[in-house]
Amino acid sequence: MMSLLAVLADQPEPATLKLLARSTGLHPSTAHRILAAMTSAAIVERHDTGTYALGIRLLELGNLVKSRINIRQVALPYMQQLHEIVGEAVNLGIRHDDEIVYVERTSSGRSLIRVVYLVGGRAPLHLTSVGKLFLAADAAADVRSYARRTGLPGKTPHSLTQFDALEKELDKIRRHEVAFDNEEAEIGLRCIAAPVLDDEGQIAAGLSVSAPSDRLDPDWVKSIKASARAISLALGYRPPQRK
């Protein structure tokens, strides 16, 4: 059954019994019997032409699974693994309107700096590495609307309070798929973030490492990206296949 589902998932068009049997290595009569059972359960649809396609029940089950996914629970094991590698605080943030809300965090226990990156903490999008990821995923018109709506307030001398400077920063993020906060929300604190994507390839959260400026290591980028990718795959994201 799983072999048949895998073949049907790979076929852009409804598949014939002959193709399904050949692709799975099943005898045609065996494939037909399994497909009949799957059809009665709406897992597979049988068309009048005698071809088969994935059924509506899979969509219903998929939506049910998706609704029950808790991104914090999915991400936490990967965050803990990343924490072991870098030895600094690892943060998970999601977007709520014009702010980032931090929903999970592993603490380094070494920093005396008072940080905004506490569970439940909020910060403007343009002042954080995670928030910039979400802005970089927005259309240019939406970013401009955000700038007009918020006025791009700053918290430190390093904050990006001018639209042109923010635009350049977002372009860099789009090209490199990583974002930085260089003491823009708090003096003495820097961050690196990578996007977490959902099953539709849209940004669902941002994974970041925050550390005192003198301890932040640019070489962490590779590990942060790898952890964000692992969480994305666990959420159902599938990278586009290269042709």
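Only a predicted model underlies this, so the values are computations on that prediction, with no experimental measurement involved.
- Looking at every heavy atom in both residues, P239 comes nearest to L233 through CD-CD2, 3.9 Å.
- In terms of the side-chain hydrogen bond (donor to acceptor under 3.5 Å, both in side chains) criterion, D142 has no residue partners (sequence neighbours excluded).
- Few gaps surround CD on Q80; more than 12 heavy atoms of other groups in view lie less than 6.0 Å from it.
- Between L160 and E184 the shortest side-chain heavy-atom distance falls below 4.5 Å.
- Remark: E84 pairs with no residue by the side-chain contact (heavy atoms from CB on, under 4.5 Å) rule, at least two apart or across chains.
- When hydrophobic residues (I, L, V, M, F, W, Y) are linked wherever their side-chain heavy atoms come within less than 4.5 Å, the members clustered with I56 are L59.
- Here the side chains of I203 and F134 are in contact, with some heavy-atom distance below 4.5 Å.
- Evaluation of the salt bridge (Lys or Arg N to Asp or Glu O under 4.0 Å) rule for R149 yields D98 as partners, not counting sequence neighbours.
- With sequence neighbours excluded, the residues that form a side-chain hydrogen bond (donor to acceptor under 3.5 Å, both in side chains) with D171 are R175.
- Contact between D181 and S129 at its shortest, heavy atoms only, is CB-N, 3.7 Å.
- K18 meets the side-chain contact (heavy atoms from CB on, under 4.5 Å) test with T16, R22; sequence neighbours excluded.
- Atom SG of C191 and atom CG of L216 lie 7.5 Å apart (nearest 0.5 Å).
- Sorted by first then second residue, the side-chain hydrogen bond (donor to acceptor under 3.5 Å, both in side chains) pairs that include residues 222-236, not counting sequence neighbours, number zero.
- Remark: the backbone N or O of E183 is paired with a side-chain donor or acceptor of T156 at under 3.5 angstrom.
- The existence of a salt bridge linking E177 and K172 is excluded, since no basic side-chain nitrogen approaches an acidic carboxylate oxygen closer than 4.0 Å.
- Through side-chain heavy atoms spaced under 4.5 Å, either directly or across other Ile, Leu, Val, Met, Phe, Trp or Tyr residues, L54 is tied to M1, M2, L4, L5, V7, L8, L17, L20, L26, I34, L35, M38, I43, V44, Y52, L58.
- Of the possible polar contacts, none joining the H83 side chain to the A89 backbone as a donor-acceptor pair under 3.5 Å is found.
- L189 places a side-chain heavy atom less than 4.5 Å from the side chain of S210.
- Residue pairs that meet the salt bridge (charged side-chain N to carboxylate O under 4.0 Å, His left out) test with at least one member in residues 32-58, sequence neighbours left out, are R57-E60.
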Handout entry: Y78 and L76: CA distance, side-chain angles, deciding distance, side chain to side chain contact (heavy atoms under 4.5 Å, CB included) verdict
Key = CA-CA 5 Å; Y78 300 98; L76 189 56; over 6 Å; no
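- Residue pairs meeting the ring pair (Phe, Tyr, Trp, His ring centres under 6.0 Å) criterion with at least one partner in residues 142-199, sequence neighbours excluded, are H126-Y146.
- You'll find the side chain of L19 reaches within 4.5 Å of the side chain of Q11, heavy atoms only.
- A salt bridge between K155 and E186 is absent, with no side-chain N of the basic residue lying under 4.0 Å from a carboxylate O of the acidic one.
- Salt-bridge annotation for E88 and R215: present, with a side-chain N of the basic residue lying under 4.0 Å from a carboxylate O of the acidic one.
- Taking 4.5 Å as the limit, some side-chain heavy atom of M79 sits within range of a side-chain heavy atom of L207.
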* **Test side chain to side chain contact (heavy atoms under 4.5 Å, CB included) applied to V143 and E167, step by step** => CA-CA 8 Å; V143 176; E167 205 170 29; over 6 Å; no
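- In this structure, V74 and L235 have side chains that are in contact, with non-hydrogen atoms separated by less than 4.5 Å.
- Heavy-atom minimum distance, A205 versus L92: CB-CD1, 3.9 Å.
- Listed for the D217 side chain is a donor-acceptor partner under 3.5 Å among the backbone atoms of D219.
- Residues meeting the side-chain contact (heavy atoms from CB on, under 4.5 Å) test with T49, sequence neighbours left out: H47, T51.
- Looking at R95, its side chain does come within 3.5 Å of a backbone N or O of D97 through a donor-acceptor pair.
- Remark: A136 engages L170, I173, R174 in a side-chain contact (heavy atoms from CB on, under 4.5 Å) (not counting sequence neighbours).
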